[in-house]
Amino acid sequence: MSIPGRIRRQPGALARLRSRLRWRSPNAAGRYVARWPVDAFPRFSVLLGLFLAPLAGLGCTVDPWQDEPEIQFEETTNIGYRCSQGPGFSWTVRAWETGEQATAGCQQPIRFENLNGGYTYTFDITGYLGQDVCWRGTCTVRARSYGRTYADCSAQIQSYCGL
């Protein structure tokens, strides 16, 4: 029964939905308490968990090996040579402390992995055009505690071929 002259408010869509989702069950004192279906039906909560568990794996993943210290060299940063200047380019970087040596071609970075973070490493860099040594230099790079360090040894590398 409504009072004349007053507008009776109808419950909104959200309130109607909540009232349908709630489950009324008696508590220990015998009073009826509104509970959500997850509380009322344990099997429902298990099914809900099985459905949501794979969705949780769709988020951001972390590569556990990405945090290890590594040093990467790029030829355009260190030597300044671009592949469009001519064919036959290759370059070699050697780490004194580890004894490792790596050779790469054009637009191929050289990366040293499994290093100790916070340590300073010394590298010999040699660039070739065909059989001729056109760039040479030695520099030191300090590895970050974690992640990748991009080395810039351009100030220590001398050009011998006039490029």
Side-chain angles (χ1 to χ4, degrees), residues 13-14 17-18 20-23 25 33-163:
L14 186 60
L17 180 64
R18 281 188 175 166
R20 288 182 188 161
L21 287 177
R22 275 188 282 211
W23 178 265
S25 61
V33 178
R35 296 181 188 267
W36 291 96
V38 174
D39 299 332
F41 302 108
R43 288 184 183 160
F44 179 75
S45 62
V46 170
L47 290 175
L48 184 65
L50 289 175
F51 175 73
L52 293 178
L55 294 179
L58 295 177
C60 180
T61 58
V62 177
D63 183 8
W65 303 109
Q66 184 63 31
D67 287 336
E68 288 187 8
E70 55 186 37
I71 296 175
Q72 180 168 321
F73 292 86
E74 309 259 342
E75 84 273 1
T76 54
T77 304
N78 291 285
I79 294 177
Y81 182 79
R82 302 219 184 270
C83 294
S84 60
Q85 292 176 306
F89 172 79
S90 65
W91 64 309
T92 302
V93 180
R94 185 177 73 85
W96 286 9
E97 289 77 13
T98 62
E100 292 181 74
Q101 180 173 324
T103 302
C106 211
Q107 294 182 343
Q108 295 176 341
I110 293 177
R111 185 179 309 144
F112 292 90
E113 300 174 338
N114 300 324
L115 301 175
N116 294 322
Y119 283 79
T120 301
Y121 293 90
T122 305
F123 297 95
D124 282 334
I125 301 170
T126 308
Y128 302 92
L129 271 179
Q131 299 296 325
D132 299 330
V133 174
C134 288
W135 298 273
R136 180 171 280 161
T138 300
C139 73
T140 57
V141 179
R142 183 179 175 93
R144 293 186 342 186
S145 297
Y146 61 91
R148 187 174 299 159
T149 302
Y150 291 94
D152 183 3
C153 298
S154 57
Q156 290 83 19
I157 297 175
Q158 295 180 356
S159 176
Y160 299 108
C161 293
L163 296 174

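What you see is a predicted model, and the numbers here were worked out from it, not measured in a lab.
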Participant: Side-chain contact, heavy-atom cut-off 4.5 Å: Arg136 with Tyr160?
Facilitator: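 Answer yes - side chains close enough.
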Participant: Is there a donor in the side chain of Thr103 and an acceptor in the side chain of Thr92, or the other way round, less than 3.5 Å apart?
Facilitator: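 Distance-only check passes for Thr103 and Thr92.
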Participant: Atom OG1 in Thr149, atom CG in Leu115: separation rounded to 0.5 Å?
Facilitator: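 If we round to the nearest 0.5 Å, Thr149:OG1 and Leu115:CG are 8.5 Å apart.
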Participant: How far does CZ of Arg142 sit from OG of Ser145, to the nearest 0.5 angstrom?
Facilitator: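 Taking CZ in Arg142 and OG in Ser145, the distance rounds to 7.5 Å.
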Participant: List the residues meeting side chain to side chain contact (heavy atoms under 4.5 Å, CB included) with Ser90, not counting sequence neighbours, and say none if there are none.
Facilitator: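 With sequence neighbours excluded, Ser90 shows a side chain to side chain contact (heavy atoms under 4.5 Å, CB included) to Tyr128, given in chain and number order.
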Participant: Are side-chain N/O atoms of Gln72 and Glu74 paired as donor and acceptor at under 3.5 Å?
Facilitator: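 Looking only at side-chain atoms, Glu74 and Gln72 do form a donor-acceptor pair, the distance falling under 3.5 Å.
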Participant: Establish, yes or no, whether a centroid distance under 6.0 Å links the rings of Tyr150 and Phe73.
Facilitator: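 Aromatic pair excluded; centres sit 6.0 Å or further apart.
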Participant: Kindly indicate whether the side chain of Thr138, heavy atoms from C-beta on, has any atom under 4.5 Å from the side chain of Ile125.
Facilitator: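 Answer no - side chains too far apart.
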Participant: Whether the side chain of Asn78 engages the backbone of Cys153 through a donor-acceptor N/O pair (distance < 3.5 Å, no angle test) should be reported.
Facilitator: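 Side chain of Asn78 to backbone of Cys153, a donor-acceptor pair under 3.5 Å: yes, one is there.
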Participant: Nearest heavy-atom pair of Ile79 and Gly127: which atoms, and what distance?
Facilitator: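 Here Ile79 and Gly127 meet closest at CD1-CA, 4.1 Å.
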Participant: Evaluate side chain to side chain contact (heavy atoms under 4.5 Å, CB included) for Glu97 paired with Thr122, printing each intermediate quantity in order.
Facilitator: CA-CA 7 Å; Glu97 289 77 13; Thr122 305; 3.4 Å; yes
Participant: Do the non-hydrogen side-chain atoms of Val141 and Thr120 ever get within less than 4.5 Å of each other?
Facilitator: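 Counting from C-beta outward, Val141 and Thr120 never come under 4.5 Å.
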Participant: With ring pair (Phe, Tyr, Trp, His ring centres under 6.0 Å) as the test, pick out the partner of Phe112 among Tyr121, Phe123, Tyr119, Trp96.
Facilitator: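 Checked Tyr121, Phe123, Tyr119, Trp96 against Phe112; only one passes ring pair (Phe, Tyr, Trp, His ring centres under 6.0 Å): Phe123.
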Participant: What is the distance from atom CD of Gln108 to atom CZ of Arg111, rounded to the nearest 0.5 Å?
Facilitator: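 Interatomic distance, Gln108 CD to Arg111 CZ, rounded to 0.5 Å: 12.0 Å.
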Participant: Quiz question: by atom type and distance under 3.5 Å, do the side chains of Asp152 and Thr77 form a donor-acceptor pair?
Facilitator: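 No, Thr77 and Asp152 have no side-chain donor paired with an acceptor closer than 3.5 Å.
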Participant: Check whether any side-chain heavy atom of Glu68 sits under 4.5 Å from a side-chain heavy atom of Asn114, and report yes or no.
Facilitator: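 Of all side-chain heavy-atom pairs linking Asn114 with Glu68, at least one is under 4.5 Å.
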Participant: Would you check if the side chain of Glu75 reaches a backbone N or O of Gly80 as a donor-acceptor pair within less than 3.5 Å?
Facilitator: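 Looks like no, no N/O pair under 3.5 Å.
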